[in-house]
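See structure below.
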Amino acid sequence: MAATPRLPAARVRTLRQRLLGWYHRERRDLPWRRTRDPYAIWLSEIMLQQTRVDVVIPYWQRFLTELPTVHALAAAPEDQVLARWAGLGYYSRARSLHRAAREVVTRWGGVFPRTPAELEELPGVGRYTAGAIASIAFGVPAPLLDGNVARVLARLFAVEASVDAPATRAELWALAEALVDPDDPSGWNQGLMELGATVCVPPPGSPRCEVCPLAGQCAARAAGRQHELPVRAPRKAPRALTWVTLAATTRAGALVLARRKPRGLFGGLWELPSAEPAADETPAAAAARVVAALGLPGRPAPRRAVEQEHVLTHRRLRLLAYRVTLPARGTAGVTIPGDAYDRVALVPPAELARHGLSSATSRLLEALSLA
DNA sequence: AATCCGGGGGT
DNA sequence: ACCCCAGGATT
């Protein structure tokens with residue numbers, strides 16, 4: 001356990017003054033900084049989990065245009081919510097968002113709770129997001145700790161222990177709590193994150209200490225260790241995975257899509273019916289197995305079409321796509337292709353956008369000239 | 001405490 | 001090729 005730095009009141013005062021001055025002078029004009037609507041701010045915080053600002057902006061704007069209130073979101077079908085999340089990743093966020101909207105309506109009468117403890121009871125809202133909503137939307141002096149803040153604090157106080165270790169996390173949370181400005185918690189919290197995103201940047205970039213408002217107070221800078229901190233836990237290598245996927249179309253051009261069950265990888269999203277080849281099974285045999293699972297009469301033989309790689313943080317997916325045209329009378333009795341799915345549908349090209357597709361599926365359909 | 005869960009942009 | 005991102009839930 002690393003030593004907890006002492007925080008003299010005068011030091012805290014200086015840090016607050018410098019960071020807040022800098023933030024209110026230099027802050028980026030982000031769309032969710034133009035609203036005070038807790039719903040819009042909550043939506044931004046969920047989308048921003050492990051996701052960059054620039055990626056989120058268009059999603060946030062589109063989502064808010066189509067579902068402008070928590071009531072609209074609560075009333076929407078889950079499939080529609082996932083369709084609007086398609087491409088953003090971490091799809092359990094969308095499902096939790098939807099459940100949380102219904103809770104806000106049913107349990108809280110459509111009015112968001114204001115305290116971190118109450119906010120944290122909402123699905124998809126953890127300690128960080130609760131602190132963010134409480135401080136930014138309601139001005140509650142709650143701390144928050146995200147990747148940016150952890151990096152800034154680790155450098156500012158020269159925290160040498162791994163920032164991924166639970167004991168270090170606790171220490172950083174304690175620092176964040178002691179530092180949050182009671183008069184401007186929103187500005188302080190966003191200032192810390194803004195500093196981490198634009199000045200006190202992670203490797204392989206270099207921290208821009210020459211423009212940092214806290215450079216004079218920074219312990220890592222004083223020790224010349226700003227490039228060495230924070231210490232992160234080593235990353236595990238992604239596991240390799242092969243999926244055989246079947247692009248089955250009718251003569252009219254409709255495509256067979258299957259919806260994955262709610263939990264797990266790509267949960268709730270639509271995709272080409274797929275199967276993982278068994279250890280002793282050839283890809284062609286696995287493709288034939290998918291055809292059989294669809295219950296197609298005559299069991300037409302699929303032909304190998306395209307191969308594509310899709311890299312995730314912890315998975316390396318090899319997608320082997322097979323192509324088949326459905327027999328004319330085969331479209332009525334298409335069955336759910338295996339226990340990874342809970343629905344199957346014939347989707348005309350014009351209706352593809354109404355289905356939530358992962359980027360992997362979108363790219364695959366593109367490569368197959370089906371989208 | 002470890003693992004799972006997407007995708008993309010910057011270097 | 002590698003890093004990590006306005007993290008949370010599950011086991």
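Numbers restart at 1 for each chain; the letters A, B, ... are given by sequence-line order, proteins then strands.
Only the P atoms considered, C/dA6 is 13 Å distant from B/dT11, to the nearest whole Å. As rounded to the nearest Å, B/dC5 and C/dC4 have C1' atoms that lie 15 Å from one another. Look at the C1' atom in both B/dG6 and C/dC5: the space between them is 12 Å, to the nearest Å. Taking atom P in both C/dA9 and B/dG8, one finds a spacing of 24 Å when rounded to whole Å.
Put simply, the side chain of A/R33 reaches to within 4.5 Å of the side chain of A/R28, judged on heavy atoms. The side-chain heavy atoms of A/V291 and A/P300, taken from C-beta on, include a pair separated by under 4.5 Å.
Nucleic acid contact for A/R315: sugar-phosphate only, since backbone atoms but no base atoms lie under 4.0 Å from a heavy atom of the residue. Note on A/R95: nothing from the nucleic acid sits closer than 4.0 angstrom, heavy atoms only.
Applying the salt bridge (charged side-chain N to carboxylate O under 4.0 Å, His left out) test to every pair with at least one member in residues 91-101 of chain A, sequence neighbours left out, gives these pairs: A/E78-A/R95. The salt bridge (charged side-chain N to carboxylate O under 4.0 Å, His left out) pairs that include a residue from residues 242-256 of chain A number zero, where partners must be two or more places apart or lie in different chains. Sequence neighbours left out, the pairs with a member in residues 228-241 of chain A that pass salt bridge (charged side-chain N to carboxylate O under 4.0 Å, His left out) are A/D164-A/R232. Pairs engaging residues 129-157 of chain A under the salt bridge (charged side-chain N to carboxylate O under 4.0 Å, His left out) rule: none recorded [sequence neighbours left out]. Judged as a side-chain hydrogen bond (donor to acceptor under 3.5 Å, both in side chains), the pairs with a partner in residues 59-68 of chain A (not counting sequence neighbours) are, in order, A/E66-A/R84.
For A/R225, the CZ atom is densely surrounded, since the number of other residues' heavy atoms within 6.0 Å is greater than 12.
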Under 3.5 Å donor-acceptor pairs involving side-chain atoms of residues 362-371 of chain A, not counting sequence neighbours:
unit_1	atom_1	unit_2	atom_2	d
A/S362	OG	A/S358	O	3.2
A/R363	NH2	A/E309	O	2.9
A/R363	NH2	A/H310	ND1	3.0

Side chains of residues 120-133 of chain A: which donor-acceptor partners sit under 3.5 Å, not counting sequence neighbours?
unit_1	atom_1	unit_2	atom_2	d
A/E121	OE1	A/R107	NH1	2.8
A/E121	OE1	A/R107	NH2	2.9
A/Y128	OH	A/E45	OE1	2.7
A/T129	OG1	A/Q49	NE2	3.0

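Annotation for A/V311: hydrophobic cluster partners, listed by chain and number, are none (ILVMFWY side-chain heavy atoms under 4.5 Å, direct or chained).
Nearest-nucleotide mapping onto DNA chain B: of A/V311 and A/R239, the residue sitting toward the 5' end is A/R239. Where A/P204 and A/G267 each meet DNA chain B at their nearest nucleotide, the meeting point lying more 5' is that of A/G267.
Taking every heavy atom of residues 78-88 of chain A and every atom of DNA chain B, pairs under 4.0 Å involve A/G87, A/L88, by number.
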Given pairs defined as Watson-Crick or G-U wobble with both distances under 3.5 Å, what dot-bracket annotation applies to DNA chain B, with ( ) intrastrand, [ ] crossing, | other strand and . unpaired? |||||.|||||
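The nucleotide range of DNA chain B contacted by chain A, defined by atoms under 4.0 angstrom from heavy atoms of the protein and reported 5' to 3', is B/dA1 to B/dT11.
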Scan nucleotides 6-11 of chain C nucleotide by nucleotide, 5' to 3', and note B when protein non-hydrogen atoms come under 4.0 Å of the base, S if they reach only the sugar-phosphate, - if neither. BBSSSS
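No salt bridge links A/K261 with A/D342; every basic N to acidic carboxylate O contact stays at or beyond 4.0 Å. Ion pairing of A/D183 with A/R16 is absent here, as no side-chain N (NZ or NE/NH1/NH2) approaches a carboxylate O to less than 4.0 Å.
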